[in-house]
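Treat the numbers as computed from the prediction; the structure is a model and nothing was measured. Below, read A as the first sequence line, B as the second, and so on, with proteins coming before strands; counting in each chain starts at 1.
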Protein chains: 2
Amino acid sequence: MFSISYLGNVMYKIGQLAKLEAISVEALRFYDQQGVLSPGHRAENGYRLYSEEDRKTLKFIQSAKNLGFTLAEIHELLDIKVDSRSHTCEEVKTIAEHKLQDIQERIRQLQRFETTLKKVVKTCCGGPESAEHCSILEAIEERVA
Amino acid sequence: MFSISYLGNVMYKIGQLAKLEAISVEALRFYDQQGVLSPGHRAENGYRLYSEEDRKTLKFIQSAKNLGFTLAEIHELLDIKVDSRSHTCEEVKTIAEHKLQDIQERIRQLQRFETTLKKVVKTCCGGPESAEHCSILEAIEERVA
DNA sequence: CTTGACCCTATATCTAACTATAGGGTTTAT
DNA sequence: ATAAACCCTATAGTTAGATATAGGGTCAAG
């Protein structure tokens, strides 16, 4: 297998980058289409050619996904990143704080579910008897939440 | 406005039930289509007629949704409920326990996001200075998660 | 007797982040 | 030279739980 180079820089074909960064080829094409990761160049045959810089951007995307950011939010972050001189720390921090609040709200909602579910599970015998008087079903009927 | 009755029992038209239980008419039709809440009868003109029992089932559905159950899971619970003699407490408890584990796993994932996001937010000055050396962007680049 | 409120079905649209498929060109290995 | 492996575009499908829309029937009031 040959390595591809453009203007003296190593370039990756889509399948190569996909393998390196443990992502599907389809997902990479999807990122291109969504504008979060468009390869800097195309070969003459139309193949996408990703640079080392593109690979770093992909790592950024994957890392941001690990923080719970959506692709739309990652798009925003990347827009700031590529022209960071025109943007401020405040903007970035605001985005991150909103995300944090969003996540915390989702945690609270899930914890409400958890609290009630735990209560309800505890009251149930869980035995082989008929569910006719099952305390879980009864609790739900009585609008437990 | 007249109240509708069938075999001596009060029945609700879809819009009436929707108003009483604070749900949209479309959602009720969707529940019917999904088989979680099919009105016991249809009027001669094709109108859905919901009984008091159907209304209780709707309350059950809404309550179960407040515990985080999906419609598919609620379908399962209702299947057990309508023929509770053929089912056991154990079955019901198992469903609830699985749901609890599911919710707890989702909480853990969100908490991982939260922990890292908090760290990252704290390191950022959030000031009006350019984002060129923004510690949040740098942290994401360095695969913070 | 017609207007507005209500009901019906069937189909499309929404969000998010892909995955899959169809149909076709390119490259690499044998 | 040909078959496998790889690339392309464009479009459709997936999940969940609805919401929206088109086109049409029903019903009660004035």
Next on the checklist: If the cut-off is 4.0 Å, is A:Thr70 near the phosphate of C:dA16, judged by side-chain N/O to OP1 or OP2?
Outcome noted: no
Item to check | Of B:Arg48 and A:Ala27, the one whose closest DNA chain C nucleotide lies more 5' | outcome: B:Arg48
Item to check | Option passing side chain to side chain contact (heavy atoms under 4.5 Å, CB included) with B:Leu37 (candidates B:Ile61, B:Ile74, B:Ile23) | outcome: B:Ile61
Item to check | Whole-Å gap separating P (D:dA10) and CD (A:Glu26) | outcome: 16 Å
Checklist entry - Once you round it to whole Å, what is the distance between C1' of C:dA17 and CG of A:Asn66? => result 15 Å
Checklist entry - So what does A:Arg29 hit on the nucleic acid, given a heavy-atom distance under 4.0 Å: a base, only sugar-phosphate, or nothing? => result base
Checklist entry - In whole Å, what is the span from the CD atom of B:Gln34 to the P atom of D:dT19? => result 13 Å
Item to check | Basic-acidic side-chain contact under 4.0 Å: B:Glu105, B:Arg112 | outcome: yes
Next on the checklist: Whether B:Asn45 contacts D:dC27 is assessed here as follows: a side-chain N or O lying under 4.0 Å from the phosphate OP1 or OP2. Is that the case?
Outcome noted: yes
Checklist entry - In whole Å, what is the span from the CG atom of A:Leu71 to the P atom of C:dA17? => result 5 Å
Next on the checklist: Without decimals, in angstroms, what is the distance between A:Phe30 CZ and C:dA20 P?
Outcome noted: 14 Å
Checklist outcome for this item: Atom CG of A:Leu28 and atom P of C:dT19 are separated, to the nearest Å, by 10 Å
Checklist entry - If only side-chain N and O atoms of B:Arg42 are considered, is one of them under 4.0 Å from the OP1 or OP2 phosphate oxygen of C:dT9? => result yes
Checklist entry - Should A:Tyr31 be listed as having a side-chain N or O under 4.0 Å from OP1 or OP2 of C:dC18? => result yes
Item to check | B:Gln16 CD to C:dA5 C1', straight-line distance once rounded to whole Å | outcome: 13 Å
Checklist entry - Can a side chain N or O of A:Ser24 be found less than 4.0 Å away from OP1 or OP2 on C:dT19? => result yes
Checklist entry - For the pair made of CD1 in B:Ile61 and P in D:dA18, what is the distance, rounded to whole Å? => result 10 Å
Checklist entry - Relative to the 5' end of DNA chain D, which residue comes earlier, B:Lys65 or B:Tyr47, by the nucleotide with the nearest heavy atom? => result B:Lys65
Item to check | Option among B:Thr116, B:Val120, B:Leu117 that satisfies the side chain to side chain contact (heavy atoms under 4.5 Å, CB included) test with A:Leu100 | outcome: B:Leu117
Checklist entry - Do B:Glu21 and B:Arg55 come close enough that some side-chain heavy atom pair is under 4.5 Å? => result yes
Next on the checklist: Does any part of the side chain of A:Arg42, heavy atoms only, come nearer than 4.5 Å to the side chain of A:Arg48, both counted from C-beta?
Outcome noted: yes
